J.: 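Have a look at this one.
These figures come from a predicted structure and were not determined experimentally.
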Amino acid sequence: MQGYLKFKEKDEELYEIDIIEEPSDKKVKRLIQLLIHSYLGLVVKIKKWFHIITVKEIYSGLIFILPILSSEKGMQKHLKKCIPKIKKLMKKYQISQVVLAEELRQNELLMQIFQNNSNTERKIHILDGKEVMFYLIKEIVEYISIKQEKTIELEELYLLIKQDNYQYQTNILSLAEHFKNINIVTPSLKTYQKLAKQFEEKYDIIIPITNNKKKSLKRAKWVINFDLNAEEIKKYAINRTATIIYLNKEEIYEESSFEGLHICHAGIDISQEIKDFFDHQGLLNQCPITILYESIIQNKKSFKQVKEQMKRDCVKIEKLYGRRGILSDKEYAKMG
């Protein structure tokens, strides 16, 4: 199951009853209001004193609300006492992946309970928005190309791939529809040579397959790293002004002579309807939109389904992040 962990933003988030319809009689109305507000105020205080976490259902899982404000004095002290309860709740509800409020992601003590990978406890996957990039390769290249006053139809992509799965195959076919040429650079030569033959026979698409470490990427402008780690990437001679888009975790190509762009994360915008939904849950101000949206597409079964969902949700690239933060127009222009 999927979870969302956040600070409270207002006391009402900790209420677990619906406010009843108020009577027309003014005296009775005031009395009921007084009783309800007194009761609810006591509930809020009790939850804070005893570090009780409120659990509520949300669209794709459960939301866990800490009984403290992120800006509250002594927040760290209160959070420390909440951690054992967070741990128990994650286990009780069998949470396999979680969206954390940004400030909680920066808390080392809290992160330890999610990064525990012992035999007795499951490691909980913390969503970071990275998976969204897999479905937005074309849009990322297009975003950069527009800033460099170029068109993607004339661009040639070089895909660094090691594994083979259906999602990869569908993504490659999708990219082949939009770009001049698609090249696959892979240590799994036999697997992808067989796949390229199938593509040619079935779709009349020719995709060169190579693994020449000295020449394959020597002139590549666009390098899309699907799943190679840093040490594997280092084995290739890469064009020093290339743009490298990383679809996997932080496996950065380190080379002193490299002057190109590293695209490590994407910031997106989505429809107002979805933003309103997350805002109503008190998540929009605490979690990046990209991560929240990643939690929506987690249960989609295929590449095609996700792309269709993204179209309906008006997903678009708003900004891109390099190694040191948001990339500026000057950095794009320099590479152009």
J.: If you look only at distance, which donor and acceptor atoms sit under 3.5 Å apart when one is on a side chain in residues 68-80 and the other is two or more places apart or in another chain?
T.:
unit_1, atom_1, unit_2, atom_2, d
E72, OE1, L69, N, 3.0
E72, OE2, K48, NZ, 2.4
Q76, OE1, N107, ND2, 2.9

J.: When N171 is tested against each of I161, I224, L159, I137 for side chain to side chain contact (heavy atoms under 4.5 Å, CB included), which residue passes?
T.: I137
J.: Between T243 and K221, does any side-chain donor sit less than 3.5 Å from a side-chain acceptor?
T.: no
J.: Heavy-atom count around E153 CD within 6.0 Å, excluding the residue itself: above 12?
T.: yes
J.: Can E331 and S328 be counted as having a side-chain donor-acceptor contact under 3.5 angstrom?
T.: yes
J.: If you count the non-hydrogen atoms of other residues, nucleotides and ligands that lie under 6.0 Å from NZ in K45, is the total more than 12?
T.: no
J.: Kindly state each residue pair satisfying salt bridge (Lys or Arg N to Asp or Glu O under 4.0 Å) with at least one member in residues 157-170, sequence neighbours excluded.
T.: K162-E232
J.: Any pair with a residue in residues 189-208 that passes salt bridge (Lys or Arg N to Asp or Glu O under 4.0 Å), sequence neighbours left out, goes on the list, sorted by first then second residue, please.
T.: none
J.: Output yes when K307 and E139 qualify as a salt bridge under the 4.0 Å nitrogen-oxygen rule, no when they do not.
T.: yes
J.: Looking only at side-chain N and O atoms, does Q112 offer a donor or acceptor that is under 3.5 Å from a partner on E108?
T.: no
J.: Side chains of H262 and Y253 only: does a donor on one sit below 3.5 Å from an acceptor on the other?
T.: no
J.: Under a plain distance cut-off of 3.5 Å, with no hydrogens placed, do N211 and Y236 share a side-chain donor-acceptor pair?
T.: yes
J.: Can you list the residues that meet the salt bridge (Lys or Arg N to Asp or Glu O under 4.0 Å) rule with E308, with sequence neighbours excluded?
T.: none
J.: With a sphere of 6.0 Å drawn around CZ of R240, does it hold more than 12 non-hydrogen atoms of other residues, nucleotides or ligands?
T.: no
J.: Do N225 side-chain atoms and L247 backbone N/O form a donor-acceptor pair below 3.5 Å?
T.: no
J.: Please check this pair: side chain of K130 against backbone of N248, looking for a donor-acceptor N/O pair closer than 3.5 Å.
T.: yes
J.: Could I get the full list of salt bridge (Lys or Arg N to Asp or Glu O under 4.0 Å) partners for E103, not counting sequence neighbours?
T.: none
J.: Out of curiosity, does L109 fall in the hydrophobic cluster containing F64 (side-chain heavy atoms, cut-off under 4.5 Å, transitive links)?
T.: yes
J.: Distance-only check: which donor-acceptor pairs under 3.5 Å involve side-chain atoms of residues 272-296, not counting sequence neighbours?
T.:
unit_1, atom_1, unit_2, atom_2, d
Q272, NE2, D276, OD1, 2.9
K275, NZ, D269, OD1, 3.0
Q286, OE1, F7, N, 3.0
Q286, NE2, F7, O, 2.9
Q286, NE2, E9, OE2, 3.4
T290, OG1, A266, O, 3.2
T290, OG1, I268, N, 3.2
Y293, OH, D313, OD2, 2.8
E294, OE1, D128, N, 3.3
E294, OE1, G129, N, 2.8
E294, OE2, E131, N, 3.0
S295, OG, Y4, OH, 2.7
S295, OG, L292, O, 2.4

J.: Between E156 and W222, is there a side-chain donor-acceptor contact under 3.5 Å, judged purely by atom types and distance?
T.: no
